[in-house]
Amino acid sequence: MRIDLHCHSTASDGTDTPAELMRNAAAAGLDVVALTDHDTTRGYAEAVAALPEGLTLVTGAELSCRIDGISMHLLAYLFDPEEPALLAERELVRDDRVPRAKGMIAKLNGLGVPVTWEQVSRIAGDGSVGRPHVATALVELGVVPTVSDAFTEQWLSDGGRAYVPKHETDPFEAIRLVKGAGGVAVFAHPAAAKRGRTVPESAIAEMAATGLDGIEVDHMDHDADARERLRGLAKELGLLVTGSSDYHGSRKTVSLGAYTTDPEVYGEITRRATGAFPVPGTGGA
Ligand code: AMP
Ligand code: FE
Ligand code: FE
Ligand code: ZN
């Protein structure tokens, strides 16, 4: 069984539509794929409709959180997408991405870059708008050669010249909301240092005590040392260990299934979840 529990579509900052993502996941030989767009579930219906036979979809989202000024991402799986409290928080975060993107565009204009909201919103389409869309605009304008080159102090990295923070949820609150909606909560790429400051282990221990289910260990932004340290921490705290590609289509270089989750851990995630069931593919549209 090949299980990839963290993928993005055009519902946020990936470049495959949800339907393309399902087809590409099957073509990559995956048995289970999770759709985890940033702060939104809007890709679900299209993904379910296109799900090929033999591929199982785990519905999810990646929630934007912040603790002590440090941004972090919480993967939420198999929660009830209609549960009102989590839905309201997701919408608050997602909707705040629009004025925030406009704020970054204004800062870029102040730095002499002629990027416009029309350009960024065309790139984002109906997906929840984020820095990768702004970064794509900078590539189009020839300001930087690639999307990841825009994530520097000079441009869009946390605290960078054109950075604007967005509303982000307190992770303890987010964990409670996810659990309250019957979901399973996994801290995404907790040691991704190149994205900025990382959350201290003491805070991860407090999250475990609040109900955090697991941490993502096998991820392209973690080197061998980080993975070993995180595996030890998970053992100490009784947390599940996941691995996933964090696929973003052509906006990142990583392939579907580049990192995977152990079938036993996947089984435990499905046993803990009460908000939704994994969706088995029936052939697709
Ligand atoms: P936002 O949620 O709008 O603040 O944007 C964060 C997103 O930017 C992450 O989910 C990644 O998709 C992307 N990102 C963050 N750091 C990098 C990086 N160094 N290179 C490429 N993409 C990045
Ligand atoms: Fe992303
Ligand atoms: Fe993330
Ligand atoms: Zn992600």
Side-chain angles (χ1 to χ4, degrees), residues 4-16 21 34-40 43 60-67 69-77 90 92-105 107-108 120-121 123-124 127-139 144-160 162-169 171 174 185-199 214-223 242-254 256 259:
D4 189 340
L5 291 182
H6 182 169
C7 300
H8 297 268
S9 75
T10 51
S12 66
D13 57 8
T15 57
D16 292 0
L21 177 61
L35 180 63
T36 54
D37 278 304
H38 296 288
D39 309 307
T40 186
E62 187 177 17
L63 308 176
S64 304
C65 297
R66 183 160 62 223
I67 175 170
I70 305 171
S71 289
M72 58 164 279
H73 291 167
L74 187 73
L75 289 161
Y77 298 116
R90 246 177 7 253
L92 185 69
V93 176
R94 190 201 56 205
D95 293 349
D96 190 55
R97 287 172 164 278
V98 173
R100 180 263 198 149
K102 290 180 176 168
M104 291 193 288
I105 290 164
K107 283 194 169 182
L108 287 164
V120 171
S121 75
I123 293 164
S128 63
V129 62
R131 281 182 281 172
H133 302 119
V134 179
T136 299
L138 296 183
V139 173
V144 288
T146 71
V147 165
S148 72
D149 288 300
F151 284 86
T152 61
E153 289 289 296
Q154 204 185 355
W155 304 113
L156 298 174
S157 68
D158 289 18
Y163 175 70
V164 174
K166 62 182 179 298
H167 174 79
E168 295 174 317
T169 311
V186 173
F187 190 162
H189 45 74
K194 72 167 187 185
R195 298 185 189 210
R197 281 197 298 145
T198 58
V199 174
I215 53 177
E216 190 179 53
V217 172
D218 292 306
H219 184 282
M220 67 173 293
D221 291 351
H222 293 161
D223 62 20
T242 68
S244 36
S245 64
D246 200 357
Y247 176 74
H248 280 68
S250 63
R251 259 191 207 106
K252 276 189 189 172
T253 53
V254 73
L256 277 163
Y259 302 95

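Both counts, for ligands and for their atoms, begin at 1 and track the order of listing. Position 1 is the first residue of the sequence; numbering continues from there.
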Test your reading of the model: is there a side-chain donor-acceptor pair from [X] to the backbone of [Y], 3.5 Å cut-off?
X      : Y      : value
Asp37  : Ser9   : yes
Lys107 : Tyr163 : yes
Asp158 : Gly196 : no
Asp4   : Ser245 : yes
His133 : Ser12  : yes
Ser157 : Thr152 : yes
Tyr77  : Leu5   : yes

task = First locate atom CZ of Arg90, then atom OG of Ser64, and finally report the distance between them rounded to the nearest 0.5 Å.
result = 12.0 Å
message = Return the CG to NE2 distance between Asp246 and His8, rounded to the nearest 0.5 Å.
response = 4.5 Å
message = Measuring from non-hydrogen atoms of Arg251 to any atom of ligand 1, is the shortest distance under 4.0 Å?
response = no
task = Give a yes/no verdict on whether any heavy atom in Ser64 is under 4.0 Å from an atom of ligand 1.
result = no
Atoms in ligand 1 with a heavy atom of [X] nearer than 4.0 Å:
X      : value
Gly130 : 3 (O)
Pro132 : 5 (O), 7 (C), 8 (O), 12 (O), 13 (C)
Lys166 : 1 (P), 2 (O), 4 (O)

Contact (N/O only, under 3.5 Å) between [X] and ligand 1:
X      : value
Lys194 : no
His248 : yes
His73  : no

message = Can you tell me which N/O/S atom of Glu62 has the shortest distance to the Fe ion (ligand 3)?
response = OE2
task = Starting from the Fe ion (ligand 3), look over the N/O/S atoms of His73 and name the nearest one.
result = ND1
ask   = Under 2.8 Å from the Fe ion (ligand 3), is there an N/O/S atom belonging to His189?
value = yes
key: Under 2.8 Å: N/O/S of His8 next to the Fe ion (ligand 2)   = no
For [atom], the option (of [options]) bearing the nearest heavy atom:
atom                    : options                     : result
atom 20 (N) of ligand 1 : Ser128, Ser148, Ser71       : Ser148
atom 10 (O) of ligand 1 : His189, Arg100, His38, His8 : His38
atom 9 (C) of ligand 1  : His133, Arg195, Arg131      : Arg195

ask   = Are His222 and Glu216 close enough that a side-chain donor and a side-chain acceptor fall under 3.5 Å?
value = no
task = Check the side chains of His248 and Asp13 for a donor-acceptor pair under 3.5 angstrom, ignoring hydrogens and angles.
result = yes
[atom]: the protein heavy-atom neighbour that sits closest, reported with distance to 0.1 Å:
atom                    : value
atom 2 (O) of ligand 1  : Arg97 NH2, 2.9 Å
atom 22 (N) of ligand 1 : Phe151 CE1, 3.5 Å
atom 11 (C) of ligand 1 : Lys252 NZ, 3.8 Å

ask   = Can you tell which part of Glu62 has a heavy atom less than 4.0 Å from ligand 1: side chain, backbone, both or neither?
value = neither
query = Which part of Asp13 is near ligand 1, with near meaning a heavy atom under 4.0 Å away: side chain, backbone, both or neither?
reply = side chain
task = Please examine the side chains of Tyr259 and Thr242, heavy atoms only from C-beta on, and report whether any two atoms are closer than 4.5 Å.
result = no
Carboxylate-amine/guanidinium proximity below 4.0 Å for Arg100 and Asp39 = no
message = With rounding to 10 degrees, what does the angle Asp13:OD1 / the Fe ion (ligand 2) / His248:NE2 come to?
response = 70°
